[in-house]
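Only one structure is covered here, and it is reproduced in the block below.
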Amino acid sequence: MTGSDEDPRVAELRTAVSRLRRELAAHPAEFPDRVIAEDELAALAAMATHGIPEVPRLRRSLLLVAGAIGSVSALARGLSDVRDAVELFGQTPRR
């Protein structure tokens with residue numbers, strides 16, 4: 001896709017995920033669920049490169065990332081940006 005054809009929500013998601021991945025990589029402290037956060041951020045990045053992602057999958061990955069790094073205050077802003085980007089895709093319909 002060219003820049004003009006790209007869904008702006010996808011671009012926002014890609015930017016937020018990329019930023020948080022860099023922040024996480026630069027964060028010096030190890031914590032038990034770091035690998036989970038890294039894996040799910042990689043999954044989010046992959047989803048953002050393949051068109052419009054599935055909202056339930058986005059939300060699942062966001063929950064896993066939040067659970068894995070939610071207590072690391074240095075990453076709170078980046079996590080918030082990813083959450084905001086996921087929210088751009090709207091709500092999943094209730095059954």
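The analysis underlying the following values was restricted to heavy atoms, covering all of them including side chains, and did not include hydrogens, waters or symmetry mates. Just so you know, residue 1 is the first one in the sequence shown, and it goes up from there.
- For the atom pair CG of D7 and CG of L88, the computed distance is 9.0 Å after rounding to the nearest 0.5 Å.
- Under a cut-off of 6.0 angstrom, the local environment of CZ in R57 is crowded, with over 12 non-hydrogen atoms contributed by other residues, nucleotides or ligands.
- If you chain together hydrophobic residues whose side chains sit under 4.5 Å apart, L62 and V55 fall into the same group.
- A salt bridge does not link E54 to R59: none of the charged nitrogens lies less than 4.0 Å from a carboxylate oxygen.
- Distance alone, capped at 3.5 Å, places no donor-acceptor pair between the R9 side chain and the I52 backbone.
- Of all non-hydrogen atoms in G67 and D33, the two that sit nearest each other are O-OD2, 4.4 Å.
- For the pair R21/E38, no side-chain contact is recorded, criterion being any heavy-atom separation below 4.5 Å from C-beta on.
- Of all heavy-atom pairs spanning V10 and P53, the tightest one is CG2-CD, 4.1 Å.
- The structure places CD1 of I69 at 4.5 Å from CG of L20, a figure rounded to the nearest 0.5 Å.
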Criterion side chain to side chain donor-acceptor pair (under 3.5 Å) on R19 and T15, from CA distance to verdict: CA-CA 6 Å; R19 187 178 310 120; T15 299; 5.6 Å; no
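- The two residues A48 and R14 make their nearest non-hydrogen contact at O-NH2, 3.1 Å.
- With contacts defined as side-chain heavy-atom distances shorter than 4.5 Å, the pair R83/V86 does not qualify.
- Between the CD atom of E12 and the CD atom of E6 there is a distance of 10.5 Å, given to the nearest 0.5 Å.
- D84 CG to E87 CD: the interatomic distance, rounded to the nearest 0.5 Å, is 7.5 Å.
- No path of Ile, Leu, Val, Met, Phe, Trp and Tyr side chains, each step under 4.5 Å between heavy atoms, connects L64 with V17, placing them in separate hydrophobic clusters.
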Candidate pair V82 and V65, rule side chain to side chain contact (heavy atoms under 4.5 Å, CB included), full reasoning: CA-CA 10 Å; V82 171; V65 171; 5.9 Å; no
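- Atom-to-atom distance recorded for S80:OG and L75:CG is 12.5 Å, nearest 0.5 angstrom.
- Of the possible donor and acceptor atoms, one in the side chain of R34 sits under 3.5 Å from a partner among the backbone N and O of L24.
- Nearest heavy atoms, E23 versus G78: OE1-CA, 3.6 Å.
- Here the CG atom belonging to L13 is positioned 10.0 Å from the OG1 atom belonging to T49, to the nearest 0.5 angstrom.
- Across every non-hydrogen atom of F31 and A68, the tightest pair is CE1-O, 3.5 Å.
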